[in-house]
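Let me begin by presenting the structure, written as structure tokens, before commenting on it.
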Amino acid sequence: MNGVHFLCAQNNTTKKKNAGAKKEQEVIDIFSDADISFSHTPAAKQESEQKNLLKLDLIQILNGNLILNYERVLSSRLGIELGGGLSYSRYEILPFLSEIEDADVSYGNPKFGPYLSVLLKYYTDNNDAPEGYFVGLGTRYSSFSFEPRVDYFYNGFTSLESCKRLDLLRILFGHTYIWDRFVSEAYIGTGIKKVTEVAYIYSRANVYQKSPAVSKNGLFFTFGYKFGMYF
């Protein structure tokens, strides 16, 4: 009798241990499943949807160019930036960034003209676009003009009628920093430009004819700073 009773007690204890282990395993599995289900947070989804940047080039304002840039993130390494605005290059604060080739030319009253640019950007470091160091390749076009001078000038005097600039190749190196919804971007660049100028040639007071367009190719250096919003 004692032996039979001992065997039954042992069997009950084993069942209780197995049942307890099974319950413990079920509890762990429940919390494990819950952890997996909560791993896809709304914040990750929200971050992936923030692919737009709107920036104003503050340095170019000093040279008479009011430029608004829109950048769209294409992938974790690529972005494309489109720029548009107005050129009004007359009173340049940074003359070494001037659009005009002839520094000694005379001007009449200035007129606004279009400014357009496109830039493909490749982000080089471990941060996802659009943050970190980048290399940009693109082009840009700007045009502005001046009214004729009404002063009394001797025969053969000239003043600038229009200036058009096309960057045949534009290479930029820069860094983009994002905090909260704000964007800060600094860049330097170089490339090949083509500048086309037309002049007024005066025969007497307020009597003139336009010269043929003269184009010059050359290298350029540029730098800038952009500030804007990330959304």
Side-chain angles (χ1 to χ4, degrees), residues 35-89 94 97-99 112-144 164-196 217-231:
D35 182 62
I36 293 174
S37 63
F38 284 106
S39 63
H40 303 287
T41 60
K45 182 178 180 182
Q46 182 180 2
E47 183 179 354
S48 66
E49 292 176 350
Q50 295 175 0
K51 297 183 177 181
N52 306 286
L53 299 92
L54 199 61
K55 299 167 287 186
L56 185 66
D57 198 321
L58 302 182
I59 297 296
Q60 285 293 334
I61 292 178
L62 300 178
N63 258 31
N65 296 318
L66 183 62
I67 308 165
L68 194 61
N69 298 275
Y70 168 74
E71 182 176 348
R72 174 71 177 179
V73 176
L74 302 178
S75 70
S76 61
R77 285 290 178 268
L78 292 177
I80 187 168
E81 182 177 287
L82 304 176
L86 298 173
S87 292
Y88 189 78
S89 295
L94 304 174
L97 296 179
S98 175
E99 308 285 307
F112 287 99
Y115 183 106
L116 302 170
S117 67
V118 60
L119 187 70
L120 183 64
K121 302 171 74 174
Y122 175 77
Y123 289 85
T124 62
D125 60 3
N126 294 327
N127 295 324
D128 288 341
E131 189 169 17
Y133 291 97
F134 67 85
V135 178
L137 182 66
T139 185
R140 55 148 283 189
Y141 170 82
S142 65
S143 174
F144 51 90
K164 299 178 181 180
R165 171 174 165 175
L166 174 64
D167 288 353
L168 304 173
L169 178 64
R170 187 174 179 87
I171 303 173
L172 299 183
F173 306 90
H175 183 271
T176 302
Y177 179 73
I178 296 175
W179 74 99
D180 196 15
R181 295 286 183 173
F182 298 98
V183 180
S184 174
E185 179 181 309
Y187 68 88
I188 60 174
T190 186
I192 302 173
K193 66 179 180 179
K194 178 181 180 180
V195 178
T196 302
N217 293 346
L219 299 176
F220 70 87
F221 168 78
T222 187
F223 68 91
Y225 175 77
K226 301 174 185 177
F227 184 82
M229 301 294 293
Y230 177 47
F231 58 96

Quick check on Lys164: does its NZ atom have over 12 non-hydrogen neighbours (other residues, nucleotides or ligands) under 6.0 Å away? no
Inspect the surroundings of OH in Tyr133 and state if more than 12 heavy atoms from other residues, nucleotides or ligands are less than 6.0 Å away. no
Measuring from atom [atom1] of [X] to atom [atom2] of [Y], what distance do you get when rounded to the nearest 0.5 angstrom?
X	Y	atom1	atom2	answer
Leu119	Leu137	CG	CG	7.5 Å
Ile171	Ile192	CD1	CD1	8.0 Å
Leu168	Leu166	CG	CG	5.0 Å
Ile188	Phe221	CD1	CZ	6.0 Å
Leu172	Lys121	CG	NZ	8.5 Å
Arg165	Tyr115	CZ	OH	7.5 Å

Side chains of Asn65 and Ser87 only: does a donor on one sit below 3.5 Å from an acceptor on the other? yes
To check you understand the geometry: which heavy-atom pair defines the closest contact between [X] and [Y], and what is its length?
X	Y	answer
Asn52	Arg72	OD1-NH1, 3.0 Å
Leu53	Pro130	CD1-CG, 3.4 Å
Leu56	Ile67	CD1-O, 3.2 Å
Asp180	Tyr230	O-CD2, 4.4 Å

For Lys226, is there an ion pair with Glu81 - N to carboxylate O distance below 4.0 angstrom? yes
Does Asp57 pair with Lys55 as a salt bridge, N-O distance under 4.0 Å? no
Close side-chain approach of [X] and [Y], heavy atoms under 4.5 Å:
X	Y	value
Tyr123	Glu131	no
Phe182	Phe227	yes
Ser117	Asp167	no

Are the side chain of Arg140 and the backbone N or O of Leu169 linked by a donor-acceptor pair below 3.5 Å? no
Please confirm whether the backbone N or O of Phe220 pairs with a side-chain atom of Thr190, one donor and one acceptor, at under 3.5 Å? yes
Audit row: Ile61, Leu66, side chain to side chain contact (heavy atoms under 4.5 Å, CB included) steps and yes/no: CA-CA 5 Å; Ile61 292 178; Leu66 183 62; 4.2 Å; yes
Assess whether side-chain hydrogen bond (donor to acceptor under 3.5 Å, both in side chains) is satisfied between Tyr187 and Thr176, documenting all intermediate values. CA-CA 9 Å; Tyr187 68 88; Thr176 302; over 6 Å; no
